[in-house]
Amino acid sequence: MTTAAKRLPRASGSPGAGAEFDVQKVRRDFPLLRRRIRGRALAYLDNAATSQKPQVVIDAIRRYYERDNANIHRGVHFLSQHATEEYEGVRRTAQRFLNAADASEIIFVRGATEAINLVAQTYGRTHVHAKDEVLITAMEHHSNIVPWQILCEEKGARLRVAPISDSGELLLEEFEKLLGPRTKIVAVTHVSNALGTINPVQSIVEMAHRGNIPVLVDGAQAVPHLKVDVQALGCDFYVFSGHKVYGPTGIGILYGKSALLDAMPPYQGGGDMISSVTFEKTIYNKLPYKFEAGTPHVAGAIGVGAAIEYVNGLGMDNIAAYEHELLAYATEAVSAIPGIRLIGTAEDKAGVLSFLLDSIHPHDLGTILDQEGIAIRTGHHCAQPVMQRFGVAATARASFALYNTREEVDALVEGIQKVREVFA
Ligand SMILES: Cc1ncc(COP(=O)(O)O)c(C=O)c1O
C-alpha cells in the first residue's frame, strides 16, 4: 500500500459511501474485470471512453436474442407484442431515471453524438438563421462542437464559446455576457470528459431562460456518476450514451421537453415515424415515434434498461459518494508524485483525473502503464480545444467507475513511479 493509501480514511469511514456500497461485491457483477492483461490483474481506468458491463446487462441482451427477438410496433403476434412491451418499458425506465415528465419525451438514439446532431439538424435548422448565435463552452467534447459548427456554417450563424478558468471551471459571468438576442440555443456539457469539471447546469439554464433561450445538456459523462433530474435542472434537452453507463454500445437517450419536440421537424424519414404516407403527403407519427425512423436497436434498449436498473439497484447517491471519495483519494495520491501536473482542478469534479508527467509524452506513459495491466487513455480525448486552452497536445487520463478501487489507484501510482524511473 502506498503512503497515500494510509493517509486517507477507508471508504467505509465516510457517510454514505461504505456501508451501502460494497465495491468487492460490485466487482463480482462484472465478468471482464476478472481478466488478466499481460499477466497482471486488470486495472480498468478508461471508463470515460466506455464502461464495462455487468452480467445482468449481458444476460438481458442474450435473453432477448435467445427468447424474445421480434420486430416491434408492427406485429400482432405474441413475440412482436412482447418485444414492443419490453422496448416501451425501457422508455418508462429511462423516463424515471431522468425524471422526465412523460415517457414520450424519451427518444432512443444511437448515442449522445446522434442526439446532439438530431437537435442541431431539427431544432437548430428551424430556429438558427444568418447572424444568429449558438453558445457552447470551451470544455465541450467534439460531439458538442462539430454539429453546431456544421449548422452555423450552413446558416451563416456564429458559434460563440464561453471561456473557462485555469482550473477548468466555466466563467459564468463571461458565459452570461455572451447570451444575447441573437443566441438561439445553448449547448453545454454537464461533466467534462477531459477535465472532470461538473458544470452548474441549473444556473446556466436559469441565465439562458431569462432570454427564452433553450439549453441542451450533454450528459454523456454525468449520467454514470450523478443523479440527474431534468425537471430540477430545467434543461430543454438532455442527452447520454448507454455504453458509458454500463449498457451496450449503439444506444442512447435524447430527452426533450414535449412542447419543443412536438414543434420540431423529424430528423430522418422512414418506417415507424409516420402516421400515414401517400405520394402527395406524409403525416408524421406522434412523439416519441416521430424521431425513431426505421427498426430501432431493440436489444440495445433492453440492455440499457438493464443497466439503468442495475445502477438504480446500487443507488445513484451511493455510487456518487463512493466515486467522489475514490477521486479525492486518486487526486491526492497522483498529485503527490513529483513532476505531475494535473489538468482540471475544479472544485466540483466527477470521474476524471487528467495529468501530465514532466515532459514525458502521455502515449509513452500509457504504453508503459499498459505493460502493468493498467488501462488509461492518452491523447486529446476528443476535446482538442481543451488541450489548446491548457497549451498541451495531449494528457493522460484515468477515469473512474463504480467498480474501481483504492488498490487500483495504488497500482496506477506505482505504475507512474515506474515510468519516472524509466525516464530518469
Ligand atoms: C462529454 C461527451 N459528450 C459526448 C460524447 C460522445 O459520446 P458517443 O461517442 O457515445 O456518442 C462523449 C464521449 O466520450 C463525451 O465524453
Side-chain angles (χ1 to χ4, degrees), residues 87-88 90-128 134 136 140-148 150-151 185-191 201 205 214-224 228-231 233-245 247-270 272-273 284-298 300-305 307-308:
Y87 181 80
E88 293 302 330
V90 176
R91 201 188 301 278
R92 292 190 293 277
T93 303
Q95 176 206 344
R96 288 190 295 273
F97 186 56
L98 295 179
N99 193 31
D102 197 90
S104 66
E105 297 181 318
I106 301 293
I107 315 288
F108 287 112
V109 288
R110 277 197 300 134
T113 303
E114 186 173 59
I116 297 166
N117 277 279
L118 187 157
V119 176
Q121 288 299 313
T122 56
Y123 185 89
R125 285 184 98 195
T126 313
H127 291 90
V128 176
V134 173
I136 61 170
E140 301 307 318
H141 186 280
H142 296 164
S143 291
N144 202 26
I145 302 174
V146 184
W148 304 112
I150 292 171
L151 174 70
I185 188 164
V186 167
V188 295
T189 193
H190 196 168
V191 173
V201 167
V205 170
V215 179
L216 176 143
V217 180
D218 173 359
Q221 297 295 343
V223 159
V228 173
D229 179 335
V230 289
Q231 294 191 73
L233 293 175
C235 59
D236 302 277
F237 301 102
Y238 196 96
V239 312
F240 73 91
S241 296
H243 70 98
K244 294 191 200 278
V245 61
T249 52
I251 188 81
I253 302 285
L254 163 67
Y255 155 80
K257 282 183 180 161
S258 56
L260 291 173
L261 291 174
D262 245 337
M264 279 153 52
Y267 179 45
Q268 294 178 327
D272 241 24
M273 54 74 73
Y284 304 133
N285 208 339
K286 61 183 192 210
L287 292 178
Y289 313 110
K290 182 171 92 175
F291 292 105
E292 292 182 5
T295 300
H297 187 5
V298 184
I302 284 164
V304 89
I308 292 173

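None of these values were measured; they are calculated from a predicted model.
For Gly305 against Thr93, the heavy-atom pair with the smallest separation is O-CG2, 4.3 Å. Across all their heavy atoms, Trp148 and Ala187 have their closest contact at NE1-CB, 3.4 Å. Closest non-hydrogen pair, Gly219 versus Pro224, comes out as O-CD, 4.5 Å. Listed here is the closest heavy atom pair of Ser258 and Leu287: O-CD1, 3.7 Å. When all heavy atoms of Pro248 and Gly300 are compared, the pair lying nearest together is CG-O, 3.5 Å. For the residue pair Ser104 and Leu261, the shortest heavy atom distance occurs at O-CD1, 4.2 Å.
In this structure, the separation between CD1 on Ile136 and CG on Asn144 is 6.5 Å, given to the nearest 0.5 Å. Taking OG1 of Thr126 as the reference point, atom CD of Gln121 lies at 10.0 Å (rounded to 0.5 Å). Distance check: Asn99 CG to Asp229 CG gives 4.0 Å after rounding to the nearest 0.5 Å. Considering CD1 of Ile116 and CG of Asp218, their distance stands at 4.0 Å, rounded to 0.5 Å. Of the inter-residue distances, the one linking Arg96 atom CZ with Ile106 atom CD1 reads 11.0 Å to the nearest 0.5 angstrom.
For the ring pair (Phe, Tyr, Trp, His ring centres under 6.0 Å) test, no residue two or more places apart in sequence or in another chain qualifies with His141. In this structure, Arg92 has no salt bridge (charged side-chain N to carboxylate O under 4.0 Å, His left out) partners at least two apart in sequence or on a different chain. By the side chain to side chain donor-acceptor pair (under 3.5 Å) test, Thr122 is found to be paired with no residue, residues two or more places apart in sequence or in another chain being considered. Considering only residues two or more places apart in sequence or on other chains, Glu88 meets the side chain to side chain donor-acceptor pair (under 3.5 Å) condition with His73, Arg91. Residues forming a ring pair (Phe, Tyr, Trp, His ring centres under 6.0 Å) with Tyr238 (at least two apart in sequence, or on another chain): His190. With sequence neighbours excluded, the residues satisfying side chain to side chain donor-acceptor pair (under 3.5 Å) with Tyr87 are Glu292. By the salt bridge (charged side-chain N to carboxylate O under 4.0 Å, His left out) test, Asp236 is found to be paired with Lys257, residues two or more places apart in sequence or in another chain being considered. Applying the salt bridge (charged side-chain N to carboxylate O under 4.0 Å, His left out) test to Lys290 and every residue at least two apart in sequence or in another chain returns nothing. For Asp262, the side chain to side chain donor-acceptor pair (under 3.5 Å) test picks out no residue, with sequence neighbours left out. Shown here are the ring pair (Phe, Tyr, Trp, His ring centres under 6.0 Å) partners of Tyr255, two or more places apart in sequence or in another chain: there are none.
The closest side-chain heavy-atom distance from Met273 to Phe291 is not below 4.5 Å. Contact of the Phe97 side chain with the Val223 side chain is registered, since non-hydrogen atoms from C-beta on lie closer than 4.5 Å. A heavy-atom distance below 4.5 Å is found between the side chains of Val90 and Phe108.
At least one donor-acceptor pair closer than 3.5 Å links the side chain of Glu140 to the backbone N or O of Thr189. Without hydrogens or angle criteria, Asn117 side chain to Pro147 main chain gives no donor-acceptor distance under 3.5 Å. A donor-acceptor distance shorter than 3.5 angstrom exists from the side chain of Ser241 to the backbone of Ala112, with no hydrogens or angles considered.
If you run side-chain contact (heavy atoms from CB on, under 4.5 Å) between Ile253 and each of Val245, Val109, Leu98, only Leu98 comes through.
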Inset, instruction - Determine, stepwise, if the pair Leu118 / Met264 fulfils side chain to side chain contact (heavy atoms under 4.5 Å, CB included). - result: CA-CA 10 Å; Leu118 187 157; Met264 279 153 52; 4.1 Å; yes
Inset, instruction - Report the C-alpha separation of Val215 and Val201 in whole Å, then their side-chain angles, then the decisive distance to 0.1 Å, and conclude whether the side chain to side chain contact (heavy atoms under 4.5 Å, CB included) test is met. - result: CA-CA 9 Å; Val215 179; Val201 167; 5.7 Å; no
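The salt bridge (Lys or Arg N to Asp or Glu O under 4.0 Å) contacts involving residues 98-109 comprise nothing, where partners must be two or more places apart or lie in separate chains. Applying the salt bridge (Lys or Arg N to Asp or Glu O under 4.0 Å) rule to pairs touching residues 109-125 yields Arg110-Glu114, Arg125-Glu154, sequence neighbours excluded.
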